[in-house]
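Working notes, beginning with the structure itself.
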Protein chains: 2
Amino acid sequence: MKMHNFKYEGSGLNRFFGPLEAKIMEILWNEAGELTIKDVQLKLDNDAKSNNFNTVMTVMNRLVDKGILQKKSVARSSLYRPVVTKEAFMETQSKELTLDLIEEFGSLAVTHMVDALDKVDPGLLDQLEQKIKEMKKDR
Amino acid sequence: MKMHNFKYEGSGLNRFFGPLEAKIMEILWNEAGELTIKDVQLKLDNDAKSNNFNTVMTVMNRLVDKGILQKKSVARSSLYRPVVTKEAFMETQSKELTLDLIEEFGSLAVTHMVDALDKVDPGLLDQLEQKIKEMKKDR
DNA sequence: CTCCTTACACTACAAATTGTAGTAGGTACA
DNA sequence: TGTACCTACTACAATTTGTAGTGTAAGGAG
């Protein structure tokens, strides 16, 4: 279930998925259990306008094809659940992207990193300093 | 000329552009001057198999539409050149992506950053440490 | 001045991605 | 036995990127 893109626009899951896909993954990950297509469709309805059942089904089955969801056929209906937890997913993406960023931009990214941390949450600067110390100590 | 995606696959300009677009931008940026479509087409031929003139033109004009290239009509032919230097482009992307990464992943990214630096080029760890010190001093 | 070469514009198509939804088929239960 | 529901299959639109044909205009060759 390799991701392909990190989008500049949007936030959260919308960085990785299409808008409908993102809403669906959000629901699946929030419910922590296994849901049927119907379940997901109804939860979507709470949010906004009605979504066609077939639309939801198609998107969910495509997520299965991509290895993001797992599908278990049970008599009448099928149960879907994410292959990995949201935390594991985010962990993977963060790791992958951070590595790619460094490989691609090297020292340029280092400079920007400090600025970004200072801008978003200066507390992270201390955390980073700490981590560096630990890393260097272990060598 | 807002970019939309950062691709997990590939490297260099292929992270931001399609394969042909990337080759074209590479040529434009390397030549530092203004090139005609023909120029670009010929340079592409050095690399690999022949590219249809119209193909190159279409892609280049799309890059103009996207605000990445600038086009100057001169009598018979047109001259194309990048709107910004490669360095400026990379600078912008690095900054944007780094900020997005931090906004999206916060402390998760901080941890991965240290690992990534250690893995790719440990010297960058010292550089980062230095930058943090400077940043904190200025406050 | 006429014709040909060349470059450009316009148009189109294919594959992939994502959202959308119709139709058909099968199963269970009333 | 028929109806409601769930699923599979199929299809289409928009977008992105690569590809390329056809038509047109302009400038130089003769």
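Residue numbers start from 1 in every chain, and the chains themselves are labelled A, B, ... in the order their sequence lines are given, proteins ahead of strands.
- Nearest nucleotide to the side chain of B/R62, out of C/dC8, D/dG18, D/dT7: D/dG18.
- B/V64 and B/V59 end up in the same hydrophobic cluster when Ile, Leu, Val, Met, Phe, Trp and Tyr side chains are linked at under 4.5 Å.
- Going from atom NE2 of B/H4 over to atom C1' of D/dT15 covers 11 Å, rounded to whole Å.
- In this structure, A/K71 reaches the D/dA8 phosphate: one of its side-chain N or O atoms is under 4.0 Å from OP1 or OP2.
- Between the C1' atom of D/dT19 and the CG atom of B/N61 lies a distance of 15 Å, rounded to the nearest Å.
- Rounded to whole Å, atom P of C/dT18 lies 9 Å from atom CE of A/M3.
- With rounding to whole Å, A/K23 atom NZ is found 13 Å from C/dT20 atom C1'.
- Looking at heavy atoms from C-beta onward, B/Q130 lies out of side-chain contact with B/D126 at the 4.5 angstrom threshold.
- The residue A/T55 sits close to a base: some heavy atom pair falls under 4.0 Å.
- Atom NZ of A/K95 has 12 or fewer neighbouring heavy atoms from other residues, nucleotides or ligands inside a 6.0 Å radius.
- A residue-by-residue look at A/F16 and A/N52 shows that A/F16 has its nearest nucleotide of DNA chain C further toward the 5' end.
- One finds no side-chain N or O of B/K7 lying less than 4.0 angstrom from the OP1 or OP2 phosphate oxygen of C/dT17.
- At a threshold of 4.0 angstrom between heavy atoms, the contacts of A/F53 include nucleobase atoms, whether or not backbone atoms are also involved.
- The side chain of B/S77 approaches C/dA7 more closely than any other nucleotide in the set D/dC6, D/dA8, C/dA7.
- A/S78 comes within 4.0 angstrom of sugar-phosphate atoms only, judged by non-hydrogen atoms across all strands, and of no base.
- Rounded to an integer number of Å, the gap from B/M60 CE to C/dA9 P is 11 Å.
- Comparing C/dG22, D/dT17, C/dC10 by their closest approach to the side chain of B/M57 singles out C/dC10.
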Trace of the side chain to side chain donor-acceptor pair (under 3.5 Å) decision for A/E91 with B/H112: CA-CA 9 Å; A/E91 162 82 20; B/H112 293 143; 2.9 Å; yes
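- When the nucleotides D/dT19, C/dA21, D/dG21 are ranked by their closest atom to the side chain of A/T58, C/dA21 comes out on top.
- Hydrophobic clustering (side-chain heavy atoms under 4.5 Å, transitive across Ile, Leu, Val, Met, Phe, Trp, Tyr) groups B/M3 together with A/F6.
- In this structure, B/L63 places its CG atom 13 Å from P of D/dT16, rounding to the nearest Å.
- Rounded to whole Å, atom P of C/dG22 lies 8 Å from atom CG of A/N54.
- Remark: A/K38 is not in phosphate contact with D/dA4, judged by side-chain N or O atoms under 4.0 Å from OP1 or OP2.
- When each of B/T36 and A/A22 is assigned the nucleotide of DNA chain C with its nearest heavy atom, B/T36 is the one assigned upstream, toward the 5' end.
- One can place CZ of A/F17 at 11 Å from P of C/dG19, the figure rounded to the nearest angstrom.
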